[in-house]
Structure formats: C-alpha cells, structure tokens
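Naming convention: chains lettered A, B, ... in sequence-line order (proteins, then strands); numbering from 1 in each chain.
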Amino acid sequence: MSADDDAPDAEADSTPADSPHILSEQARGADGEVGAGDETGDGGGKGFHAFWADVVADEIEARDPDEPIVIKGGVSPSGVAHLGNFNEIIRGYFVAAVLRERGHEVRQVFTSDDKDPLRKLPRKLANADGEIVGLGEVDAGALGRNLGKPYTAIPDPFGERESYAAHFAALLKADADRLSIPVEMVSNTELYADGAFDEVTRTVLADLDGVREVLSEYQDKVDGEYVPFNPVCSECGKITETVTSVDLDAETVEYVCTDMDVGDNTIEGCGHEGTATFREGKLPWRLEWPGQWDVLGVDFEPFGKDHAEGSWPSGVDVARRVFGTEPPVPMVYEWFTLNGEPLSSSAGNIVTVPELLELLEPAVLRYFFALHPKKARDLDIERLDQLVDRFDRFERAYFGEVDDEDLTAFAERAYPFVVGRADDPPEEKPVRLPYTFAAVLGMVDDPDFRERLARDEGHIPEDASDEVVEAALARVEKARSWAERTGNEYDYRLQTELPDADFDDDIAAALDDLADFVAAGHDGDAIQSEMYETARAHDVEVSDFFAAGYRLFFDDTQGPRLGEFLGELERDYVVARLRREA
RNA sequence: GGGCCGGUAGCUCAGUUAGGGAGAGCGUCCGGCUUUUAACCGGACGGUCGGGGGUUCGAAUCCCUCCCGGCCCGCCA
C-alpha cells in the first residue's frame, strides 16, 4: 500500500514475496513503486500461462536451480490414503512434467513422515487393496498398545508389510502407479537411520539459543529449557519430549521418557532415563520440514491450505536463520470436498484412488487435478458424469473441436500432461462414448448389444478398428459401476429371468400384439412407434403400457427408451418376454 | 478478534495475466425425430459476476469497505 506509513512496526521478517500463494494475486511487485531492490524478482516478462503448472515452473526456473530439480510432497501416515492425500503427489507431478518438457531433469520425491508417533487410533483404515475398513477388522488392541511409537515401529495392522508406515506408503505408491506418476518414495525414518539428518540435527542442537529464539516467535512452549529433539525411548519405544542434555561431540542426547499430551489424552512415558544418538530420534515438525528441504535439496513443494499460515512462514524463517538455506518455491492448494462435505475419514467421507478408477478413466482423474489448485472444488460422485463430460470437452478442445478460446488454450497446453504423454501426444482423438450413454449400455451385459446400439446412435465411427471399439466400450463398465454405486436413474438391469408380474387383460393383449410385431422383424424406431399404436389400439394408457414393458425387461417402473432398446436385443428373447413365456 | 484464501446462471465451472460483448456444459422448459418415457437434434428461459462505495468515457477484472465460507493464529503434524 502507501509508501510512508511504515511506523516502527517491528518485524517485517517475512516479506510479501514469501507468500506461498504464488498462483493468486500478483502479491509481489504489484505496486511498482518498491523500486530498486527487486531485480531478482519474478523475472518480469514472463508471458501469460493458460496452465498453472507453467506459472510454477517459471518461478522455479527463476531460481536457477541445480539439476536435477527436486519436487517434494509428503504426509504423515494416517489410517487411510485417500484422494486428498493424493494432492501431494499429483500437483507436484504436473510441475515435474512441465519442467521435464522444458528440458530439465527432475526428481519427484514423496516423504512418508513415518517417524512421527501414532498419536491416536484411526477410526478407519485402508487394506492393501485400498478398501476402507473399520478398526474392528484389525487388532485394535495391538494398535492401542503402540500409541506414541513411530509409525515405522508399529506392526502393519493387516500383517502384510513390515510396519504400519510401510503399509500406508505402499498404498500411496500403488495409487501413483495406477495413475502412471513416477515418484520416489522416501521414508523419513530411513533418512534419520541413514544419517542423512545428522548434519541438520547437529546444526539445531549446536545453537540451541538461536533456534529457541526463532521458534519462540511461533510457539509459546519454547523457553530457555526447550530442546527441539525427540528421542525414541530405548526402553518402551515411544517418542519422548524431555531432553536433559546434549553432547555434540558424541552426537547424543540424554532424555527422560515422560508423558506426552495428545489432545485430551495422555500417552504415558515409562520413566526411563537414557541416551540416544542423533539417529535415534527426530526433530519436531517445525524444524523437520525445512530440514527435509535441506537434506533433499527441495526446489518446489505443494502443500494444503492448512500449512499456508502456520508451518510455511515458520519454515521459511527456520530455513534461512537456522539452516542458512532458501526455502523451496511453495504452492498452496485448496482442499476439495467430497459430495459437498469435507473429507473426513472418521466420518467416512473419503474416497480412494482405486475406488474412483472403477468409475472413470485415469485421465479423467488426472484432469480433475489439472484444474486450478486455488479453486475450492467439489467432487460429486452422484454427478461424476459432469466431470467426465467436462473432460471429454477438454479433450475435444485439444483436438480443435470446441469453439472456446480459453478452454482451447488450456487444453492445448495441459492435455498432453493429463494423458501422460507430454513427449508423444496422441494425434487422433479417442472415441469416447458419452458417460451417461455408456451407463445406458451398461444395463445389458452383452458386448455385441453394446456395440450395435453405440453404432446405431452414431457414437462409433463406421471404420473404427476393433481396438478402437474395445477402448470406447471400456467406459461402459465404469459407467455401469457408477450407476450401481449411486443407484441413480441409470441403475437398471436387463432381467434374464421373467419378473413376477400380473397385467390386466388389455395390457396383456397389447403385449401379445407387440410381440407379434417384433416377431415380424422391425427395427427399434418402428418398435418404439408401434408401442404407441398398440397402446391406443387396446385403449391402454401409453404410460401404463410402457410401465408394463419396463416391468418385463427391467423389473422396474421406468427405464431407457424402450423401443430402440428392444430393437437391439435378440429377437426371440424379446418376443418370448413380451409373451411372458420366458 | 487478527491474518490468508475463496465467493460468476439451479448444478459443475471458464473468463480476472494486459479494464471495453457476461459465457460454456449440464439441468429445467418448449419444440423436433409419423411417438408424453431419461440416449439424438433445435430453441428458449435463466445471473444485482456476494453487497456497497470509489477510480475510469467504460469495472466480474483496479482501489476501499462490509457480508458469507474455509484455513491458520495453544499442542501436534
């Protein structure tokens, strides 16, 4: 704002340029009157970008980073690896892909912050297939006894991996694989065990007063006694908080295993007094995060809005004043809601990657995350068709078939990354069945029926190869799963057995007439017309007649356009069913 | 209470970089396909761009202010 109201307003420690909201306002340099100091700024003349990942890539390039450029994400293992966690991988992926396309070497890593202690029991877990299960399905007691221990020191509740942490990390890695995202999983525990953290730990413990001064600006609990290192108790295995002395030469600390407060509860310490090396403990989060930047040489990291005002400013400060390094380029992403509600594993409002991939193609899911990260979005399972439609339109825009400049500009840049083929973009547009139409086809299992109807409705080109047809029809199973999962207006199923139903004489006679008509051989349009004629001829309400048809074929009161549908089915079957014979 | 981010049609969202026509898809309604029955085609309806003020010949876009929502502001991550 104005130039001269900077009273003795104390610390301007973090300048606006440290705002993590690089995709929002032009917070930096916006008021051109800052004048001189700012030549390393944001590199001035960068053009407009239709794809946000290019904006981020510009920021990274402006730092002139060493290669490979390192992009990081990370979470603490919790009960379920849900789609929200996946932001940490896929948002970085788009930036990584753009940088690679620009000729850089990029390393994308994901830290599983698995030396963190389990602080409370999760309400839900995900098994190895990503399916969500309740605590009751595992040995909850065993988990409870391990409160306070690092996730890597807790057995896998499903008894498959070497630890709780490994189980969780494997889930996320599997999700990344499913979406063809190359990411290197890094165990935070191993970083300590391998000594990668020795140097930063030494830096912290060598200047306790200096570190306390920085931290105390962000944490009330930091006093002259506070030692920011949490050893693992050699006796009970829990993370401890009370360090009594530091021996820099030996690289050890003395500690007492005291109680740890977690919310309303207390995790009891065992009282053991012991000695731990730098590798037998961890730094608290506010130091650990910038420590990871230093250890891994991180150039870019996306994070959720919850970190934007808490961890990030302190992390910037710690990086500079404690470690003497520059923090990475940041990027805040908005959280999305699921079916209009916040993601919550305890409330059961979560969805996993494998679950979603039963309902739509990987490219559609990647498209969802290619949309602007600063917008709060809702992923509405009931209306997944809208998302898929938007993707289809986006894809058509890439192939120049949509009269929309903005969308086309976005698609031209982002589409190759969305389909994971930045260096080899598709030259021909895939054949896509409209999602709701695919759901209609899903009412019948017969693949030939599906293809015939899709062709008749003009959704498959005459000269399509078998591969193209097969690829197009693959969406039918997705849409079918969607209809079943939501129980929506496409959730009809062609009945193979004759449903139990009675009809009055007029309707029965009309059905018989229609059966004769079908037996004589007519196409779908004709059958549709004949249904009206027949109903009138027998003085039956058209709606009642259709209802009878839906009862016979779908055991329901409604359904798709019946005539066209019957026209594609096997004639003998239709005739017999109309005659209520089979 | 303070800070940050967001608020564009019923729904999902573009458009804000460089101020100039308020848009798309879906839904709804109407119509078409000899035919009230969810797929196809055409058309229409639909918005105080969260409210107010300001700058400007001109504001969704820039400035101020207020409202609403989310996040952060003890610990943890």
Closest to side chain of [X], choosing from [options]:
X         : options                : value
Lys375(A) : G6(B), U36(B), U35(B)  : G6(B)
Asp306(A) : A14(B), C76(B), C72(B) : C72(B)
Asp220(A) : G74(B), A39(B), A14(B) : G74(B)
Pro284(A) : A39(B), U12(B), A77(B) : A77(B)
Asp113(A) : A77(B), A39(B), C71(B) : A77(B)
Arg377(A) : A39(B), U36(B), C13(B) : C13(B)
Arg393(A) : C5(B), A24(B), A39(B)  : A24(B)
His21(A)  : C26(B), C4(B), A77(B)  : C4(B)
Asp116(A) : A77(B), C40(B), C76(B) : A77(B)
Glu309(A) : U36(B), A14(B), G3(B)  : G3(B)

It should be established whether Arg536(A) places a side-chain nitrogen or oxygen under 4.0 Å from OP1 or OP2 of nucleotide U36(B). yes
Indicate whether OP1 or OP2 belonging to A77(B) is found under 4.0 Å from a side-chain N or O atom of Lys115(A).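 Answer is no, no contact under 4.0 Å.
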For a quick check of understanding: with a heavy-atom distance under 4.0 Å over all strands, which category does [X] fall into, base, sugar-phosphate or nothing?
X         : value
Trp289(A) : nothing
Leu453(A) : base
Tyr492(A) : base
Gln219(A) : sugar-phosphate
Gly559(A) : base
Ser76(A)  : sugar-phosphate
Phe410(A) : nothing
Lys221(A) : sugar-phosphate

For [N], the Watson-Crick or wobble counterpart (both distances under 3.5 Å):
N      : value
C40(B) : G32(B)
U61(B) : none
C45(B) : none

Length of the [atom1]-[atom2] vector between [X] and [N], whole Å:
X         : N      : atom1 : atom2 : value
Asp403(A) : G23(B) : CG    : P     : 14 Å
Asn488(A) : G27(B) : CG    : P     : 13 Å
Leu566(A) : U35(B) : CG    : C1'   : 15 Å
Asp114(A) : C76(B) : CG    : C1'   : 17 Å
Asn339(A) : C11(B) : CG    : C1'   : 14 Å

Does any donor-acceptor pair link the side chain of Ser543(A) with the base of U36(B) at a separation under 3.5 Å?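 Yes, the side chain and the base share a sub-3.5 Å donor-acceptor pair.
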What I want to check is whether an N or O donor and acceptor connect the side chain of Arg390(A) with the base of U12(B) at under 3.5 Å.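 Flag set: donor-acceptor pair detected.
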For the residue pair [X] and [Y], categorise the inter-ring angle as parallel (less than 30°), tilted (30 to 60°) or perpendicular (more than 60°).
X         : Y         : answer
His459(A) : Phe437(A) : tilted
Phe394(A) : Tyr367(A) : tilted
Phe369(A) : Phe336(A) : perpendicular
Phe554(A) : Tyr550(A) : tilted

When Glu334(A) is tested against each of Arg377(A), Arg91(A), Lys305(A) for salt bridge (charged side-chain N to carboxylate O under 4.0 Å, His left out), which residue passes?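 By the salt bridge (charged side-chain N to carboxylate O under 4.0 Å, His left out) criterion, Glu334(A) pairs with just one of Arg377(A), Arg91(A), Lys305(A): Lys305(A).
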Which residue in the set Trp482(A), Phe391(A), Tyr490(A) passes ring pair (Phe, Tyr, Trp, His ring centres under 6.0 Å) when paired with Tyr435(A)?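 The single option meeting the ring pair (Phe, Tyr, Trp, His ring centres under 6.0 Å) with Tyr435(A) is Trp482(A).
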Looking only at the side chains, is there a donor atom on one of Thr266(A) and Asp259(A) sitting less than 3.5 Å from an acceptor on the other? no
Residue mapping more 5' on RNA chain B - nearest nucleotide basis, His459(A) or Val542(A): Val542(A)
5' priority, RNA chain B, between Val440(A) and Lys282(A) [closest heavy atom]: Val440(A)
